[in-house]
Amino acid sequence: MRREKLAKLQAEGRDPFAIVTWKQTHHSKEIKENFEALENKDVSVAGRVMSFRDIGKAAFIDLQDRDGRIQVYLNAEGLGDEAYAHIKTWDVGDIIGVEGYVFKTRRGEMSIHAEKMVLLTKALEPLPEKFHGLKDPEIRYRRRYLDLVMNPQVMDTFRKRTLIIKAIREYLDSREYIEVDTPILSTIASGAAARPFVTKSNALNLQLYLRIATELYLKRCIVGGMERVYDMGKNFRNEGIDSSHNPEFTMIELYQAYADYNDMMELCENMIAFAAEKATGSAKVMYQGTQIDFTPPWRRLTMTDSVKEYGGIDFSAVKTDAEAQALAKEKGLEHELKKKLKDCTKGDILNAAFEKYAEEHLIQPTFILDYPTDISPLTKQKPGDPTMTERFEAFVYAREIANAYSELNDPIVQLDRFLQQEREKELGDDEAYTLDEDFVSSLEVGMPPTGGMGIGIDRIIMFLTDAYSIRDVILFPTMKPNN
RNA sequence: GGGCUGCUAGCUCAGUAGGUAGAGCAACGCCCUUUUAAGGCGUGGGUCACAAGUUCGAAUCUUGUGCAGCUCACCA
């Protein structure tokens, strides 16, 4: 039916697809916000026909543009008999241009009294139903364009996404950080515990990996003397998909020379509070019915203290791996451990106890400090305690949103840590860190003491837009094909 | 990967003692000059996700497959 209408239009020499441009002087929202100034003035708008109420010798169209909707009133007096009859053949979903003057209907609806209307694009597929809209999550994600047309909240979320990302850039740029692009394709995917995607260069006849982190390249930039750098972009991890994981996701990593993890904590809480205010107008936001307050300073708690507080286990009294193993057995922690109990260090067991007892309680923004050395191969040890590192993770609503540390810059220790990881890999941990020899040699050139941090941008956006699933903040989430 | 749930008209959803498939909106036709989930009268529209099985007969029961959502595990 719509195809027949299109064919007729083309036969009549008014093919909408032949039109190249339309002069848009106003958007819906600015007309509504400046109604008094614009009343009886001419405007030109464009957008999609969302509903068409034909009442005979007059009709009303709800026109939707980037910012919302505005009603268009049309009749034969304003447009001429022939044009009016023609416009009545248009459909919901069509994209049109309208010129006319601004006025208010009897019911008080701010509207445009049409004087000229042009069909700019014919929609061959009808839109979902106007009242119930589009709900099916599969169609919403697969055909996001329909979701954007039908669900204004979705448009709002993705506009906020842009505001948040801009705010983060603004925050760092104003503090003399340099934004760089590090490689997405490389022969070694390291810098995080994750399996990479594998691809191949035809020209080089070479197996390449998609990056799982930007860390090792950014630290090379610090070695080179950039002092403050960041890379905000996609990482790729070949892992499962759920409501907080997408195989490709946006991450920022930033590094600051002559700083440590305490400086990173301050940067983290201030930057996220800044982004929250820019995007939502407040550092306090509602997330899934719970108020989250990002106002600095956030709570600071060591991992050991968190396990003591929430699990009633005092690891500061545990001296050896054997004692820790006995404790793990007593508390039934074997289940939480990846390795066999006898291969576990005190650090592995502390981390397992943290995940079991403490993590779920971390609703308001909280920094968990001082991670075991065994699970932190790129991190500097704490002065006076080689089993622990100067590392923190930030938690909100029991989810990790940031990971930061005082960077390990001793090339000899770093090589040892990588070799330990290689051994883990041989023991069957296919997510252990891969040795990057060139990175180690960059440390031999000399990296100043440096603080670094990674923040999951999608997760920050989830909290600031009240999104339950990461798919609601990624325009085109990864999906299996369905035919 | 495990468990649970869903898949019926373009959209939102009904539809089991197994018996020729329904509503609202959308579409099509007619009426209506300030409506707004406009209204009134009329009409058309389906490989019930896919495949096999049970049965005289399957949207409905059984098995398998696909996709999706939730959830647990894994993973930061």
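Values reported hereafter were calculated over all heavy atoms of this structure, with side chains retained and with hydrogens, waters and symmetry mates removed.
- The nearest whole Å value for the distance from the NZ atom in A:K57 to the P atom in B:rC31 is 9 Å.
- Phosphate contact (OP1/OP2 of B:rU34, side-chain N/O of A:K104, threshold under 4.0 Å): absent.
- The side chain of A:A58 sits closest to B:rU33 out of B:rU33, B:rU12, B:rA26.
- Nucleotide B:rC32: unpaired (no Watson-Crick or G-U wobble partner with both distances less than 3.5 Å).
- Taking atom CD1 of residue A:I61 and atom C1' of nucleotide B:rU33, one finds them 15 Å apart after rounding to whole Å.
- Between A:K480 and B:rC67 there is a side-chain polar atom (N or O) within less than 4.0 angstrom of OP1 or OP2.
- Taking a cutoff of 4.0 Å between a charged side-chain nitrogen and a carboxylate oxygen, A:E109 and A:R53 do not qualify as a salt bridge.
- Between the side chain of A:E109 and the base of B:rU36 there is at least one donor-acceptor pair of N/O atoms closer than 3.5 Å.
- With salt bridges taken as basic N to acidic carboxylate O contacts below 4.0 Å, none links A:E4 and A:K8.
- Taking only side-chain atoms of A:V92, from C-beta outward, the nucleotide of B:rA27, B:rA37, B:rU35 with the closest atom is B:rA27.
- Between A:R471 and the phosphate of B:rG69, there is a side-chain N or O to OP1/OP2 separation shorter than 4.0 Å.
- The base of B:rU35 does not come close enough to the side chain of A:Y73 for any donor and acceptor atom to sit less than 3.5 Å apart.
- In the region residues 393-400 of chain A, proximity to RNA chain B at under 4.0 angstrom, judged on heavy atoms, holds for A:E393, A:E400.
- A straight line from NZ of A:K135 to P of B:rG6 spans 17 Å, rounded to a whole angstrom.
- Here the separation of B:rC50 from B:rC31, taken at their P atoms, is 41 Å to the nearest Å.
- Nucleic acid contact class of A:R459 (heavy atoms, under 4.0 Å, all strands): none.
- In terms of polar N and O atoms assigned as donor or acceptor, the side chain of A:R53 comes within less than 3.5 Å of the base of B:rU35 in a complementary pairing.
- Under the 3.5 Å distance criterion, with hydrogens and angles disregarded, a donor-acceptor pair is assigned to the side chains of A:R423 and A:Q420.
- On a pure distance criterion of 3.5 Å, no polar donor-acceptor pair joins the side chain of A:S51 and the base of B:rU36.
- In this entry the distance linking CG of A:L124 with P of B:rG10 reads 16 Å, nearest Å.
- The existence of a salt bridge linking A:R220 and A:D436 is confirmed by a sub-4.0 Å separation between a basic side-chain nitrogen and an acidic carboxylate oxygen.
- Two residues are said to be in side-chain contact when any heavy atoms from C-beta on lie closer than 4.5 Å; A:D42 and A:E99 fail this criterion.
- Within the shown strands, nothing qualifies as a pairing partner of B:rA37 under the Watson-Crick or G-U definition with both distances less than 3.5 Å.
- The pairing partner recorded for B:rC11 is B:rG24, the criterion being a Watson-Crick or G-U wobble arrangement whose two distances lie under 3.5 angstrom.
- Base pairing analysis places B:rC4 opposite B:rG69; the two distances defining the Watson-Crick or G-U wobble pair are each below 3.5 Å.
- A:E125 has its CD atom 14 Å from the P atom of B:rA9, to the nearest Å.
- The side chain of A:E77 lies closest to B:rU33, out of B:rU33, B:rC67, B:rC75.
- Rounded to whole Å, atom P of B:rU12 lies 13 Å from atom CG of A:L127.
- For A:R107 and B:rU34, the shortest distance from a side-chain N or O to OP1 or OP2 is not below 4.0 Å.
- Side-chain atoms of A:Q71 and base atoms of B:rU35 include a donor and an acceptor less than 3.5 Å apart.
- Salt-bridge annotation for A:D472 and A:R140: present, with a side-chain N of the basic residue lying under 4.0 Å from a carboxylate O of the acidic one.
- In this entry B:rG64 has B:rC50 as its Watson-Crick or G-U wobble partner, both defining distances falling under 3.5 Å.
- Residue side chain A:H245 reaches the base of B:rC75 through a donor-acceptor N/O pair under 3.5 Å, judged by distance alone.
- With hydrogens and angles left out, the side-chain atoms of A:D370 and A:Y261 include a donor and acceptor closer than 3.5 Å.
- The same atom, C1', is picked in B:rA23 and in B:rG15; the two are 10 Å apart, to the nearest Å.
- Checked by atom type and distance alone, the side chain of A:E393 never pairs as donor or acceptor with a backbone atom of A:E400 at under 3.5 Å.
- Pair assignment for B:rG19 gives B:rC56, based on Watson-Crick or G-U wobble hydrogen-bonding distances that are each under 3.5 Å.
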